[in-house]
Amino acid sequence: MVDIPESHPRYESLLTRHRIEDGVEHGITSQQGLIAQGRGEAFDYLLGEQTIPSADEAARVAAAELLLADHPVLSVNGNVAALVPSEIVELAEATTAEIEVNLFNRTDERIERISTHLREHGADTIKGLTADERIPGLDHERAKVDGDGIYDADVVLVPLEDGDRAEALAEMGKTELVIDLNPLSRSAETATVPIIDNIIRAVPNMTRHARELRQLPEEDVQSVIDAFDREKALASAEEAIRSGE
Ligand code: PTJ
């Protein structure tokens, strides 16, 4: 692993690359995950590698949705596990959500490795291996979910997804919280709450908001959700990317 000086102007971005490389080396992240990271980086560069105000608002709304859910679940793939393992565990704790591993390039070995990695970062129970239910309308490996996990959830966080599972989960009537740097991706467009931000910033932001919101009465948390305009959030991210401001 190369030592990156913290003074380097693109320190965060280089550190992120190393986490993904490391993930591939340890059988956590798929090789396609490297390509996905590259796509994300291009958008992040155009966003100025910062959380724009509309993305921070969306992170707050997503935190509110998790807090008011009956059964919230955070879906984790190989990129998420490599980039934000302890941050996902902290978000699960702050919102009493469950964590389920769900993979596009699914093998039991990768699920085991990701579960072990998350346990090493503080997680207790990890779902995803039972896979006794299927998301209707999907014919690839991502359809495989736990009956008492994603299948039963009312609110699901689906970061760095391809669009068709996002659409299938929406068809099941679930509230979908999506983290994706591309505001034009199908998952962002399908989401109840699209958070157009890098996952390395979005997940800690959600946890910070959740810790603050859980002190408030339920009606106040609900009003955060009611005031959200998803179309406006998507348009403002697209505008920031196109204008570079
Ligand atoms: O671990 P697996 O087997 O489940 O595979 C996961 C990947 C990520 C390979 C798979 O889901 C995939 O191919 O995803 P896509 O279709 O490339 O989509 C990934 C989306 O996430 C793209 O729209 C990227 O812009 C976005 N993205 C990539 N890195 C980040 C990101 N969004 C937020 N933060 C990032 N760091």
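Along the sequence shown, residues are numbered consecutively beginning with 1. Remember, it's 1-based here, ligands and their atoms both numbered in the order they're listed.
- For atom 32 (N) of ligand 1, the nearest protein heavy atom (residue, atom name, distance) is Leu181 N, 3.2 Å.
- Remark: ligand 1 atoms within the under-4.0 Å shell around heavy atoms of Leu83 are 36 (N).
- Close approach of ligand 1 to Asn79 (heavy-atom distance below 4.0 Å) involves ligand atoms 8 (C).
- Scanning the protein for heavy atoms near atom 28 (C) of ligand 1, the closest one is Ala36 O, 3.1 Å.
- The shortest contact between atom 35 (C) of ligand 1 and any protein heavy atom is with Asn198 OD1, 3.6 Å.
- Shown in contact with Gly33 at under 4.0 Å from a heavy atom are these atoms of ligand 1, numbered in order with element: 9 (C).
- Thr51 and Asp197 are linked by a side-chain donor-acceptor pair at a separation below 3.5 angstrom, with hydrogens and angles left out of the test.
- The Gly78 neighbourhood of ligand 1 comprises atoms 1 (O), with distances under 4.0 Å to a heavy atom of that residue.
- Asp148 and His71 form no side-chain donor-acceptor contact under 3.5 Å, judged by distance and modelled atom types alone.
- An N or O contact shorter than 3.5 Å links Ile199 to ligand 1 by distance.
- Looking from atom 24 (C) of ligand 1 to the surrounding protein, the closest heavy atom is Asp180 OD1, 3.8 Å.
- Residues Ile135 and Arg142 have side chains not in contact (no heavy-atom distance under 4.5 Å, counting atoms from C-beta outward).
- Ligand 1 has a nitrogen or oxygen under 3.5 angstrom from a nitrogen or oxygen of Arg39.
- Among all non-hydrogen protein atoms, the one lying nearest atom 31 (C) of ligand 1 is Leu160 CG, 3.6 Å.
- Contacts between Asp197 and ligand 1 below 4.0 angstrom, taking non-hydrogen atoms only, involve the backbone exclusively.
- When heavy-atom distances to ligand 1 are checked against a 4.0 Å cut-off, Glu41 has no atom that comes that close, whether in backbone or side chain.
- Distances between N or O atoms of Phe104 and those of ligand 1 include at least one value under 3.5 Å.
- On a distance-only criterion, Ile179 and ligand 1 share no N/O pair closer than 3.5 Å.
- Of all the heavy atoms of Glu161, the ones lying under 4.0 Å from any atom of ligand 1 belong exclusively to the backbone.
- Across Arg142, Arg165, Gln32, heavy-atom proximity to atom 10 (C) of ligand 1 is greatest for Arg142.
- Protein heavy atom in closest approach to atom 6 (C) of ligand 1: Asn77 ND2, 3.6 Å.
- Looking at ligand 1, you'll find an N or O of Asn105 within less than 3.5 Å of one of its N or O atoms.
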